[in-house]
Asks: 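The structure that follows is given in the form of structure tokens.
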Amino acid sequence: MERIRVQVPATSANCGPGFDCLGLALNLYNIFTFEAEPKSNRFTYTFTGFGADLLEKEDPKTNLIGIAMEQVFAKAQEPIQYGHITSDTLIPPSRGLGSSSTAIVGGLLLANELISKPLTKEELLVIANRMEGHPDNVAPAIYGNLCCATGLKDRVLNTVIPVPETLHFAVVVPEVLVSTEYARSVLPNHVPFKEAVQNVSHASLFVTSLITKQLNNLTVALEDNLHVPYRKTLIPHCDEVFTVAKEKGAYGATISGSGSTLIAYADKAHVEAVAAAMGQVFTDHGIANKTYTLEADTVGASRV
Ligand code: HSE
């Protein structure tokens with residue numbers, strides 16, 4: 001029986017000022033495998049990696065991988081092919097690194113390999129955006145690189161921008177759980193006009209600085225007024241981590257997605273020291289954490 005295996009990258013949404021529209025893919029992956037069981041009438045699962053014990057206890061009918069697969073079969077108007085799914089979670093879940101988006105995109109890609117006329121990436125993105133609610137994790141999970149995505153009623157406009165190879169990422173994942181739902185509930189209904197204007201300016205500067213490789217601009221371009229000031233109260237010692245990241249040579253740092261992961265943008269020469277210093281802040285305060293030094297993923301979800 002054919003075995004299909006796909007990998008889907010972690011993603012860091014918002015990129016500072018690009019709330020709900022900018023996201024970049026990182027070279028850390030969740031792996032999903034499908035083995036068809038033609039006589040079965042449901043998806044069954046094996047989980048390994050982060051959170052496997054919790055996932056095993058959940059109702060398989062609610063698993064995003066199988067739900068995403070069903071959406072693809074429905075869109076293609078083909079019968080559902082059931083089977084056994086293995087999910088190997090290497091991306092820390094519920095920490096602002098797009099782990100749930102990988103489950104959606106993984107399911108979409110698995111089913112897309114099974115149908116007779118595969119859907120385009122654009123079509124997969126529409127389904128993923130409908131399931132996820134905002135496109136800034138699912139777009140880079142599908143396309144890799146930096147994505148600028150705008151969800152419209154029935155489609156998603158998305159542009160893909162290469163991330164300069166010299167740009168690296170120091171990532172610290174503290175043992176602090178912040179649900180996206182809660183992290184959205186602390187956001188204000190209104191922000192001062194001047195602050196909104198500054199966000200437009202910073203988001204534009206962020207994107208164009210990556211295009212023109214003017215990475216020193218990131219120190220200013222990563223600054224945000226829409227979510228970081230409100231969310232950093234949910235992540236202990238957030239400001240201290242941002243400060244040490246810059247002291248160790250990062251261009252700047254921000255919250256990854258809705259947190260609690262913090263991400264610093266740095267060059268290759270500094271990234272290791274930046275990551276170590278960021279982790280040390282949490283360690284010094286007795287908070288367990290895991291650090292990564294990552295690069296951009298340039299391919300997006302793919303069969304492996
Ligand atoms: N843009 C979303 C948010 C991403 O920050 O709430 C959630 O991962």
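Whatever order the structure lists ligands and atoms in, that order sets their numbers, starting from 1. This is a predicted model, so every value here is computed, not measured.
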Asks: Tell me, please: is H134 in heavy-atom contact with ligand 1, that is, under 4.0 Å?
Replies: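 H134: in contact with ligand 1 (<4.0 Å).
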Asks: Quick test of your reading of the model: are D20 and R184 salt-bridged, counting only N-O distances below 4.0 Å?
Replies: yes
Asks: If you define the side chain from C-beta out and look only at heavy atoms, does anything of L54 sit under 4.5 Å from P93?
Replies: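 They are not in side-chain contact.
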Asks: Using a strict cut-off of 4.0 Å, indicate which atoms of ligand 1 neighbour a heavy atom of N14.
Replies: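 By the 4.0 Å cutoff, the relevant atoms are 1 (N), 3 (C), 5 (O).
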Asks: Can you confirm if the NZ or CZ of K75 lies within 45° of the ring axis of F73 and under 6.0 Å from the centre of its six-membered ring?
Replies: no
Asks: Exactly one of E195, K194, Q198 should register a side chain to side chain donor-acceptor pair (under 3.5 Å) with N225. Which one does?
Replies: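 Checked E195, K194, Q198 against N225; only one passes side chain to side chain donor-acceptor pair (under 3.5 Å): Q198.
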Asks: Measure from atom 5 (O) of ligand 1 to every heavy atom in R231, R184, R95 and give the option owning the shortest one.
Replies: R231
Asks: Would you check if the side chain of Q81 reaches a backbone N or O of L114 as a donor-acceptor pair within less than 3.5 Å?
Replies: yes
Asks: Check each of I255, T180, L226, N137 against atom 8 (O) of ligand 1 and report the one with the nearest heavy atom.
Replies: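 Among I255, T180, L226, N137, the closest heavy atom to atom 8 (O) of ligand 1 belongs to N137.
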Asks: Which atoms of ligand 1 have any heavy atom of D20 under 4.0 Å away?
Replies: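 Ligand 1 atoms under the 4.0 Å threshold to D20: 1 (N), 2 (C), 3 (C).
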